[in-house]
Amino acid sequence: MREKTVIAPHLLEWYDRHARVLPWRMPPGTGTGDPYRVWLSEVMLQQTTVAAVKAYFTRFTTLWPRVEDLAAAEDAAVMAEWAGLGYYARARNLLACARKVSESGGFPDTREGLGVLPGIGPYTSAAIAAIAFDRPETVVDGNVERVVSRLFAVETPMPGAKPILRDLADTLTPDTRPGDFAQAMMDLGATICTPRNPACGICPLVHDCKARALGIAADLPRKAPKKAKPLRQGVAWVGFTNGAVLTERRAEKGLLGGTLAFPSTGWDGSALPAPADADWREIGTVRHIFTHFALDLTVMTAPLRGAPRRGDLLALDHFNPKALPGLMRKVWDLAAPDGLARAGASARNRR
DNA sequence: CAAACGTGGCG
DNA sequence: TCGCCAAGTTT
């Protein structure tokens with residue numbers, strides 16, 4: 001039987017004084033929040049920084065204050081609002097989840113019930129159950145893994161240590177205020193028990209921390225070395241008519257799935273032809289770093305004459321570059337000045 | 001179960 | 001400049 005380390009009361013005391021004020025968060029000790037806002041924030045926060053999420057959360061909750069409002073939204077509208085936040089499968093799952101929840105009259109109030117919904121995995125189901133429904137679930141994210149690996153000086157490298165850390169975290173979860181406890185662990189990891197240069201001097205758990213005692217806090221959790229990212233190449237075409245630009249909705253599955261884009265070759269060596277016969281001119285190259293590869297995308301522009309073979313002509317009046325994912329934003333920023341000028345020129349030349 | 005899946009900030 | 005990292009999920 002493992003000796004049980006009781007840190008919850010002490011950590012909650014710290015949280016009561018130092019909790020970050022966040023748009024989706026109830027102040028410490030004030031009970032559970034709106035499940036819709038908890039869910040929306042948790043999905044947005046998956047692998048995404050608090051700073052990046054804030055504006056998106058405010059925008060989404062303004063446009064769609066209730067889950068029923070989001071459920072009724074157009075796919076393209078949600079994708080456009082999500083643009084720039086990354087991991088676009090989240091946006092597609094978000095809508096699918098909103099529609100299921102809306103149909104069934106509200107969010108399930110257990111980890112098990114939440115866990116079967118699209119886009120809600122082990123972390124998010126436990127987080128919503130604890131934060132929105134006061135269930136004593138153990139919430140394990142990257143922060144908690146780091147904090148626990150240090151508290152117990154777990155030297156097993158990640159990701160192999162995950163089940164070990166989860167079991168250890170389980171021994172810490174209190175029956176009272178589990179939602180605040182989960183958020184306290186995450187706040188501690190985000191502000192004090194940070195990946196590099198942890199601020200052990202002001203840590204409320206410094207006397208409970210085995211890694212600190214051993215002088216190895218900053219070295220945990222141990223991680224296997226990462227693989228190098230390959231560099232891939234491709235071509236993107238930005239075609240213009242006098243008042244429109246040639247765009248394309250990417251396939252639902254895969255990279256940038258469901259997002260607005262400019263026609264391009266595949267980025268794995270597959271050579272798709274240009275979407276239209278035109279006087280394509282190379283403008284330059286944009287580099288973009290994805291999670292598992294880097295991409296150099298050569299950008300071509302041209303005024304379009306006949307009908308394109310693929311893609312959709314989108315009137316410039318209805319085209320918002322902010323609705324593009326980051327890569328395509330870079331393509332647009334590079335192509336727009338020259339392309340618009342040439343399209344304008346060609347329109348004049350035709351006269 | 002390893003790999004796919006975005007993006008921006010920081011040291 | 002560049003690698004690391006962030007409130008993970010899906011296949």
Side-chain angles (χ1 to χ4, degrees), chain A residues 19-20 22-25 37-57 79 82-94 96-97 114-132 137-147 158-160 162-163 166 169 179 181-191 193-198 218 221 223-232 250-259 261 267-268 286-295 324-330:
Chain A
R20 287 179 292 175
L22 302 171
W24 48 84
R25 175 180 280 181
R37 295 167 64 88
V38 174
W39 162 72
L40 180 61
S41 66
E42 290 301 342
V43 172
M44 286 183 165
L45 286 162
Q46 289 167 4
Q47 296 289 285
T48 308
T49 57
V50 164
V53 165
K54 281 181 178 171
Y56 284 84
F57 179 83
M79 294 308 292
W82 196 275
L85 200 53
Y87 285 139
Y88 297 94
R90 290 185 296 171
R92 289 178 271 123
N93 286 330
L94 190 80
C97 183
L114 290 158
V116 300
L117 291 168
I120 300 186
Y123 162 76
T124 307
S125 58
I128 300 172
I131 297 169
E137 301 290 353
T138 298
V139 179
V140 183
D141 74 331
N143 289 304
V144 175
E145 285 176 343
R146 185 171 57 257
V147 169
M158 299 289 282
K162 279 174 176 286
R166 208 224 86 89
F181 178 78
Q183 295 180 91
M185 289 286 279
M186 294 190 279
D187 269 24
L188 187 72
T191 63
C193 195
T194 51
R196 289 167 295 196
N197 305 317
K223 299 196 171 172
K226 310 225 164 174
K227 278 188 272 189
K229 292 182 188 195
L231 175 62
R232 299 183 187 170
R250 289 180 62 82
E252 283 294 306
K253 299 221 168 188
L255 195 63
L256 304 181
T259 63
W267 305 333
D268 50 6
V286 298
R287 174 162 293 184
H288 194 73
I289 312 295
F290 290 103
T291 306
H292 51 297
F293 68 94
L295 174 68
L324 297 169
L327 167 64
M328 294 297 164
R329 275 289 283 283
K330 292 182 189 174

Peer 1: In chain order, what residues pass the side-chain contact (heavy atoms from CB on, under 4.5 Å) check against A:Ala129, with sequence neighbours excluded?
Peer 2: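 Scan of A:Ala129 (side-chain contact (heavy atoms from CB on, under 4.5 Å), adjacent residues dropped) gives A:Arg111, A:Leu114, A:Arg135, A:Glu137.
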Peer 1: Looking at residues at least two apart in the chain, or sitting in another chain, which of them share a side chain to side chain donor-acceptor pair (under 3.5 Å) with A:Ser41?
Peer 2: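 Scan of A:Ser41 (side chain to side chain donor-acceptor pair (under 3.5 Å), adjacent residues dropped) gives none.
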Peer 1: Quick one: label A:Arg329 by what it contacts on the DNA or RNA (base, sugar-phosphate, nothing), any heavy atom closer than 4.0 Å.
Peer 2: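 No contact at all - A:Arg329 keeps every heavy atom at 4.0 Å or more from the nucleic acid.
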Peer 1: With rounding to whole Å, what would you report as the distance between B:dG8 and C:dT9 at their P atoms?
Peer 2: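 So the two P atoms sit 22 Å from each other.
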Peer 1: Nearest-nucleotide wise, let me know which of A:Lys226 and A:Asn93 is further upstream toward the 5' end of DNA chain C.
Peer 2: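 This one resolves to A:Lys226.
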Peer 1: What string of B, S and - do you get for nucleotides 4-11 of chain B 5' to 3' if you count protein non-hydrogen atoms under 4.0 Å?
Peer 2: SBBB----
Peer 1: For A:Val139, report the nucleic acid contact type (base, sugar-phosphate, nothing); a contact means any heavy atom under 4.0 Å.
Peer 2: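 It contacts nothing in the nucleic acid.
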Peer 1: Measure the distance from CE on A:Met186 to C1' on C:dC5 and round it to the nearest whole Å.
Peer 2: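 A:Met186 atom CE is separated from C:dC5 atom C1' by 17 Å.
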Peer 1: Between C1' on C:dC5 and CG on A:Asp141, what's the gap in Å once rounded to a whole number?
Peer 2: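 Distance, rounded to whole Å: 13 Å.
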Peer 1: Using a cut-off of 4.0 Å on non-hydrogen atoms, how would the nucleic acid contact of A:Thr124 be classed: base, sugar-phosphate, or nothing?
Peer 2: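 Sugar-phosphate contact only.
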Peer 1: Between P on C:dA7 and CE on A:Met185, what's the gap in Å once rounded to a whole number?
Peer 2: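 Between P of C:dA7 and CE of A:Met185: 12 Å.
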Peer 1: Mapping A:Glu42 and A:Gly115 onto DNA chain C by nearest heavy atom, which one lands closer to the 5' end?
Peer 2: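 Its nucleotide being nearer the 5' end, the pick is A:Glu42.
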Peer 1: Answer yes or no: does atom CZ of A:Arg20 have more than 12 heavy-atom neighbours from other residues, nucleotides or ligands under 6.0 Å?
Peer 2: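 Enclosed.
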Peer 1: Mind checking side chain to side chain donor-acceptor pair (under 3.5 Å) for A:Asn143 and listing every partner two or more places apart, or none if nothing turns up?
Peer 2: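 If we apply the side chain to side chain donor-acceptor pair (under 3.5 Å) test to A:Asn143, skipping adjacent residues, the hits are A:Asp141, A:Arg146.
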Peer 1: According to a strict under-4.0 Å criterion, is A:Lys227 in side-chain N/O contact with OP1 or OP2 of B:dA2?
Peer 2: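 False: A:Lys227 side-chain N/O out of range (4.0 Å or more) of B:dA2 OP1/OP2.
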Peer 1: Which part of the nucleic acid, if any, lies within reach of A:Pro159 when heavy atoms closer than 4.0 Å are counted: base, sugar-phosphate only, or nothing?
Peer 2: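 It contacts nothing in the nucleic acid.
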Peer 1: I need the CE-P distance between A:Met158 and B:dC1, as an integer number of Å.
Peer 2: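 Computing the A:Met158:CE to B:dC1:P distance gives 14 Å.
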Peer 1: Indicate whether the side chain of A:Tyr123 and that of A:Gln46 have a donor and an acceptor atom separated by less than 3.5 Å.
Peer 2: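 The criterion, which ignores hydrogens and geometry beyond distance, is not satisfied for A:Gln46 and A:Tyr123.
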Peer 1: Could you report the tightest heavy-atom contact between A:Tyr56 and A:Leu85, atom names first, then the distance?
Peer 2: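 Smallest heavy-atom distance, with atoms named: OH-N, 3.5 Å.
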Peer 1: With sequence neighbours left out, write down each residue that passes side chain to side chain donor-acceptor pair (under 3.5 Å) with A:Trp267, or none if nothing qualifies.
Peer 2: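 Counting only residues at least two positions away or on another chain, A:Trp267 forms a side chain to side chain donor-acceptor pair (under 3.5 Å) with A:Ser264.
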Peer 1: If I pick the P atom on B:dG11 and the same atom on C:dA7, what distance separates them, to the nearest angstrom?
Peer 2: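 One P to the other, the span is 15 Å.
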Peer 1: Say you pick atom C1' in B:dC5 and the same atom in B:dC1; how far apart are they, in whole Å?
Peer 2: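 Approximately 16 Å lies between the C1' atom of B:dC5 and that of B:dC1.
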Peer 1: Would you mind classifying the nucleic acid contact of A:Leu22 as base, sugar-phosphate or nothing, using non-hydrogen atoms under 4.0 angstrom?
Peer 2: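 Answer is base: heavy atoms of A:Leu22 come under 4.0 Å of a base.
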Peer 1: Have a look at A:Trp39 and say if it touches a base, only the backbone sugar-phosphate, or nothing, with a 4.0 Å heavy-atom cut-off.
Peer 2: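 Contact class for A:Trp39: none.
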Peer 1: To the nearest angstrom, how far is A:Met44 atom CE from C:dT9 atom P?
Peer 2: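 It works out to 16 Å between those atoms.
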Peer 1: In a table with atom names and distances, give each donor-acceptor pair under 3.5 Å that connects a side chain of residues 224-232 of chain A to protein atoms at least two apart or in another chain.
Peer 2:
residue	atom	partner	partner atom	Å
A:Lys229	NZ	A:Phe290	O	2.9
A:Lys229	NZ	A:Thr291	O	3.2

Peer 1: Grab the CG-C1' distance between A:Leu45 and C:dA7 for me, whole Å please.
Peer 2: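 From A:Leu45 CG to C:dA7 C1': 5 Å.
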